[in-house]
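Here is the structure we will look at, set down as structure tokens.
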Amino acid sequence: MYVLDSSAFITEYHTDESVSTIPMVREELVDESAYRFDAMEGSGMYLHIPEEETVERIERAARETGDLEELSETDIRLVAAAFELDATLVTDDYAMQNVAEHVDVAVEVIARVGIDEERTWQFQCQGCGRVFDERKERCPICGSQLSRKNPT
Ligand SMILES: [Zn+2]
């Protein structure tokens, strides 16, 4: 089972696996991607509504990884749905990937070559202010937590 986020509908992601998503994703889609959602629902896509308990668990995980403020309510619920269904989450959102990995949900990244410019993140230490190109658990210099920083 694959759980699709809204970008999967927008980029016409295709898989032969059985697919599911949450009803809130439909609200983020317009035009062709919304029709695609409806067509997939018509051909058997499963709509799942995760339990509040699971949603809270994912929120806690997102707080732990420092991704909570990057995530919409829809994003959190998609990770929760994949968690409950023991499914693979299909997304190109870095924060969702990160939280999913933290709670052992498998992730399939949507290849976006030629669609969007690749966004590169940097991570800044909240203690000493050093900036790193890759996410680390802790700052190797002072041991403080890192937070994401938009490249300037
Ligand atoms: Zn530091």
Side-chain angles (χ1 to χ4, degrees), residues 1-15 17-30 33-34 36-37 46-152:
M1 177 75 87
Y2 278 29
V3 171
L4 307 183
D5 87 346
S6 51
S7 63
F9 296 94
I10 293 164
T11 59
E12 301 183 52
Y13 177 81
H14 182 266
T15 176
E17 295 277 332
S18 55
V19 290
S20 60
T21 191
I22 61 172
M24 283 167 83
V25 164
R26 177 64 173 77
E27 294 159 25
E28 296 185 354
L29 302 174
V30 289
S33 57
R36 195 169 301 120
F37 183 106
Y46 171 59
L47 295 185
H48 185 75
I49 298 176
E51 302 285 341
E52 272 314 304
E53 202 179 36
T54 312
V55 172
E56 284 163 20
R57 178 173 181 163
I58 302 304
E59 279 171 358
R60 277 200 301 279
R63 201 170 289 125
E64 281 168 24
T65 61
D67 292 297
L68 188 59
E69 64 190 45
E70 305 286 340
L71 296 171
S72 69
E73 212 179 311
T74 308
D75 296 340
I76 294 278
R77 280 161 198 276
L78 279 163
V79 179
F83 183 83
E84 284 184 354
L85 297 168
D86 197 19
T88 298
L89 177 66
V90 178
T91 181
D92 59 6
D93 182 274
Y94 185 90
M96 283 172 75
Q97 288 164 24
N98 202 39
V99 175
E101 277 161 20
H102 193 62
V103 294
D104 287 327
V105 166
V107 175
E108 166 117 344
V109 177
I110 303 169
R112 304 203 63 166
V113 182
I115 297 169
D116 258 0
E117 216 175 303
E118 198 182 324
R119 189 139 66 135
T120 53
W121 295 103
Q122 289 192 314
F123 301 91
Q124 184 164 35
C125 175
Q126 294 172 350
C128 67
R130 283 184 176 79
V131 175
F132 303 93
D133 288 334
E134 58 194 78
R135 176 182 282 273
K136 301 173 193 287
E137 278 293 309
R138 302 250 158 212
C139 173
I141 314 297
C142 75
S144 299
Q145 289 210 322
L146 305 187
S147 65
R148 189 159 43 219
K149 175 177 188 287
N150 281 319
T152 46

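Starting from 1, each residue takes its place in the sequence as its number. Because the structure is predicted, anything quoted here is derived from the model rather than measured. Read the numbers this way: they start at 1 and go in the same order the structure lists the ligands and their atoms.
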How about D93 and T91: does a side-chain donor come under 3.5 Å of a side-chain acceptor?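 T91 and D93 do not have a side-chain donor-acceptor pair below 3.5 Å.
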Is it the case that the ring center of F37 lies less than 6.0 angstrom away from the ring center of F9?
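Centroid separation for F9 and F37: below 6.0 Å.
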E137 meets the salt bridge (Lys or Arg N to Asp or Glu O under 4.0 Å) criterion, sequence neighbours left out, with none
| query | Who are the salt bridge (Lys or Arg N to Asp or Glu O under 4.0 Å) partners of E70, not counting sequence neighbours? | reply |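 With neighbours one apart ignored, the set is R148.
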Counting only protein N, O or S atoms and ignoring waters, those under 2.8 Å from the Zn ion (ligand 1) are C125 SG, C128 SG, C139 SG, C142 SG
**Report entry** T74 vs E28, side-chain contact (heavy atoms from CB on, under 4.5 Å): CA-CA, chis, key distance, verdict
**Finding:** CA-CA 9 Å; T74 308; E28 296 185 354; 3.1 Å; yes
Please output the side-chain donor-acceptor pairs of residues 47-57 that fall under 3.5 Å, not counting sequence neighbours, one pair per line with the distance.
{"residue": "H48", "atom": "ND1", "partner": "Y46", "partner atom": "OH", "Å": "3.0"}
{"residue": "H48", "atom": "NE2", "partner": "E84", "partner atom": "OE1", "Å": "2.7"}
{"residue": "E52", "atom": "OE2", "partner": "R77", "partner atom": "NH1", "Å": "3.3"}
{"residue": "E52", "atom": "OE2", "partner": "R77", "partner atom": "NH2", "Å": "3.2"}
{"residue": "T54", "atom": "OG1", "partner": "E84", "partner atom": "OE2", "Å": "2.4"}

